[in-house]
Protein chains: 4
Amino acid sequence: MAGSPTTRDRLIAAAAETFNRDTYHGTDTNRLARAAGFAPATFYKHFPDKRAAFLAVYREWVDAEWNALEDTLKEAVGDPRAIVDVVVDHHVRWAGLRASLRVLVPVDEQVREFARRQRRRQLDWLARLRGRRVPVSGRHHEPRDLALLLTFERVADAIADGEAAALGVNPDDLRTQLATTVRQWFA
Amino acid sequence: MAGSPTTRDRLIAAAAETFNRDTYHGTDTNRLARAAGFAPATFYKHFPDKRAAFLAVYREWVDAEWNALEDTLKEAVGDPRAIVDVVVDHHVRWAGLRASLRVLVPVDEQVREFARRQRRRQLDWLARLRGRRVPVSGRHHEPRDLALLLTFERVADAIADGEAAALGVNPDDLRTQLATTVRQWFA
Amino acid sequence: MAGSPTTRDRLIAAAAETFNRDTYHGTDTNRLARAAGFAPATFYKHFPDKRAAFLAVYREWVDAEWNALEDTLKEAVGDPRAIVDVVVDHHVRWAGLRASLRVLVPVDEQVREFARRQRRRQLDWLARLRGRRVPVSGRHHEPRDLALLLTFERVADAIADGEAAALGVNPDDLRTQLATTVRQWFA
Amino acid sequence: MAGSPTTRDRLIAAAAETFNRDTYHGTDTNRLARAAGFAPATFYKHFPDKRAAFLAVYREWVDAEWNALEDTLKEAVGDPRAIVDVVVDHHVRWAGLRASLRVLVPVDEQVREFARRQRRRQLDWLARLRGRRVPVSGRHHEPRDLALLLTFERVADAIADGEAAALGVNPDDLRTQLATTVRQWFA
DNA sequence: TATGAATGAGATTTCATTCAT
DNA sequence: AATGAATGAAATCTCATTCAT
């Protein structure tokens with residue numbers, strides 16, 4: 001079904017791994033190209049600039065998370081712990097990429113805008129979960145919902161980048177804590 | 001009372017403003033020095049490198065937050081909203097600096113270590129607030145407490161950098177939400 | 001036969017002339033690149049740093065000396081004066097380069113190691129000239145042989161950098177003296 | 001008799017040690033001053049520039065060698081090995097300083113001129129040793145004598161900086177070789 | 001006499017990006 | 001479509017040197 005990966009696909013995949021390992025500011029576009037098996041100039045045939053490549057990587061990352069989440073929801077409906085595990089695992093796998101994202105959001109308009117679109121989608125999803133109608137515009141959201149998402153993300157990052165462990169907090173206990181928070185939110 | 005600021009103080013103050021406005025990766029040491037009214041070389045008489053200057057700025061930032069917190073606690077004991085306001089205001093004022101911190105933590109050993117020391121101090125404080133004895137080593141901590149801190153920080157940052165507003169969530173309502181979370185934690 | 005020179009070749013050639021004229025510490029990599037007709041960054045596409053460029057120049061210099069020596073030995077077998085002339089002329093032509101070498105040997109590990117490899121090769125050659133078997137390891141050498149080489153080199157340098165002339169010693173007489181020393185060594 | 005050392009003396013002594021340890025291009029004048037227990041600016045009260053300090057150090061070094069040589073000649077007249085030992089020991093003790101000298105001679109006019117004055121003094125001494133009259137002008141010198149001095153210096157340096165040992169030549173045997181050369185010269 | 005404090009002028013190196021083929 | 005080769009424009013950091021006190 002899926003044909004052999006295009007040059008662009010290979011560039012994105014290599015960039016994902018490289019950003020994840022070395023951070024956005026820790027690599028350069030020449031290395032990204034070489035990591036995919038291409039020459040530097042090829043990079044610029046497929047992306048206008050470095051940021052654009054990151055954006056592409058980030059988009060894929062978001063899609064992958066949604067896909068994983070949907071798979072989980074089919075099997076384990078209403079099991080917060082399963083959701084926690086999917087999300088946290090995804091963050092753990094891509095901890096370096098997340099760190100890069102946190103670098104770019106305040107600096108790059110496009111990345112920021114995409115991150116917000118993504119956030120809106122999450123907020124809409126939460127609203128639906130709680131049986132509320134989502135207004136077409138999707139412009140208004142609940143503070144509680146946003147707080148939940150932010151907590152989720154921040155705790156997942158703390159587990160992913162080793163902060164929890166470094167502070168003497170068992171990462172597994174933190175996952176449990178997260179599941180509890182989700183349940184309280186849903187109640 | 002306080003003597004006139006030393007060169008180092010002036011460099012730190014100028015670096016704080018500059019990092020806050022332009023991001024860590026958005027300025028260079030020459031600009032930091034010029035912003036304080038000095039020549040580039042002067043910077044290196046006071047800091048071994050750029051990271052060291054950021055670390056110094058960050059230390060001051062942390063001290064300032066603790067001081068503000070202590071002042072508040074004297075007047076408004078047990079008022080979560082007051083605490084929320086102090087912390088969030090501090091994050092709002094220094095949103096760019098916080099963004100830079102998030103850039104450096106995954107990349108810079110020293111910054112990371114200092115951030116963790118700071119986190120341990122916060123965790124010890126929370127433990128004391130709840131009437132628990134803090135073990136001398138201070139090595140073990142409660143998942144709940146860490147989750148609270150992370151939530152606090154992340155929500156404060158979201159208010160600070162305009163993410164909440166951009167998503168159609170009233171920043172003030174988020175503050176209220178945060179205060180509620182604190183109360184639940186304390187109960 | 002020889003294709004057009006590569007960028008690296010041109011950089012090395014320009015660096016040889018520039019180091020020779022201005023000394024290692026008397027130029028910078030930007031100038032080396034410009035002297036070859038390239039932009040500064042190009043230099044770093046071909047050498048990791050300034051020292052590496054010097055090392056490359058030095059290697060070429062050593063090869064050139066051996067080649068000149070071999071040519072001479074074919075025609076003028078056993079004529080010490082011919083050998084003296086070849087070596088001294090080579091030193092005269094590259095006096096500034098030799099001075100740079102003397103700067104770097106005590107300071108740079110790689111340059112030193114290469115200079116010593118080169119010296120071992122010379123010592124092996126002398127041993128063979130005197131009809132001795134060179135032990136495979138080539139680890140042990142005669143003090144007399146090393147003394148000859150050092151004398152040769154130092155006297156050649158003194159002629160090359162004008163020291164002899166400045167001291168009222170006729171450079172040509174010094175060459176003759178060197179040839180005499182060689183004959184005594186061989187006897 | 002000798003009063004307490006002046007600031008200048010202390011600067012020279014500290015510079016000698018520092019140049020010897022770190023090379024001329026491996027230190028800076030600030031460090032030289034600090035090593036003597038003074039502030040950077042003090043350095044420039046006593047020397048017009050960095051080279052001048054090196055020149056002063058070099059002068060002292062030369063004087064010390066002559067003094068040691070004269071002491072030896074009083075006791076061990078006509079013992080080449082004793083002379084070899086004095087000179088080589090002095091070179092060993094100050095190997096780094098000698099390396100710095102070799103750096104500066106081709107580059108610094110004053111250092112070069114002083115080195116040559118010193119060389120003339122050595123040549124005159126050799127001429128006297130062989131019972132020849134030294135012409136008043138001291139302008140003309142024997143190639144044999146200069147060759148001896150250069151050999152002496154170069155071999156001493158090779159022992160001092162570890163080159164001999166690195167090449168598998170016993171430094172002690174080289175000293176013996178040097179003594180032999182002196183005897184042949186004198187014969 | 002000595003210095004605390006500062007600096008102008010670079011040297012080395014990096015990197016996002018281009019362009020002729 | 002891909003690339004080999006190159007680069008302009010910095011950013012980080014160094015160092016010999018100065019000057020008011």
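Naming convention: chains lettered A, B, ... in sequence-line order (proteins, then strands); numbering from 1 in each chain. All heavy atoms count here, side chains included; hydrogens, waters and symmetry mates do not.
The side chain of D/R34 places no N or O atom within less than 4.0 Å of a non-bridging phosphate oxygen (OP1 or OP2) of E/dA2. Contact annotation: D/H46 does not reach the phosphate of E/dT1 (side-chain N/O to OP1 or OP2, under 4.0 Å).
Taking 4.0 Å as the cut-off between side-chain N and carboxylate O, D/D157 and D/R102 count as a salt-bridged pair. With respect to D/E109 and D/R112, a salt bridge is recorded, a charged nitrogen being found less than 4.0 Å from a carboxylate O. Ion pairing between a basic and an acidic side chain is recognised when a charged N comes within 4.0 Å of a carboxylate O; D/E17 and D/R93 show such pairing.
Remark: the backbone N or O of D/T23 is paired with a side-chain donor or acceptor of D/T27 at under 3.5 angstrom.
Summarising the geometry, the separation between CZ on C/F47 and P on E/dT12 is reported as 15 Å, rounded to the nearest angstrom.
In plain terms, the two heavy atoms of C/A53 and C/F47 that are nearest each other are CA-CD2, 3.8 Å.
Across all strands shown, F/dG8 is found opposite E/dC15 as a Watson-Crick or G-U wobble partner, with both distances under 3.5 Å. Pair assignment for E/dA9: F/dT14, on the basis of Watson-Crick or G-U wobble contacts that are both within less than 3.5 Å. Pairing partner, F/dT21: E/dA2, with both Watson-Crick or wobble hydrogen-bond distances short of 3.5 Å.
With a 6.0 Å cutoff to the six-membered ring centre and a 45° limit on the axis angle, D/K50 counts as a cation-pi contact of D/Y24.
Residues from residues 6-22 of chain C with heavy atoms under 4.0 angstrom of DNA chain F, sorted by number: C/T7.
Counting heavy atoms from C-beta outward, A/L101 and A/L97 have side chains that stay 4.5 Å or more apart. Here the side chains of A/E60 and A/I12 are in contact, with some heavy-atom distance below 4.5 Å.
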Going 5' to 3' through nucleotides 12-19 of chain F and flagging B where a protein heavy-atom sits under 4.0 Å of the base, S where only the sugar-phosphate is that close, and - otherwise, we get BBBBBBBB

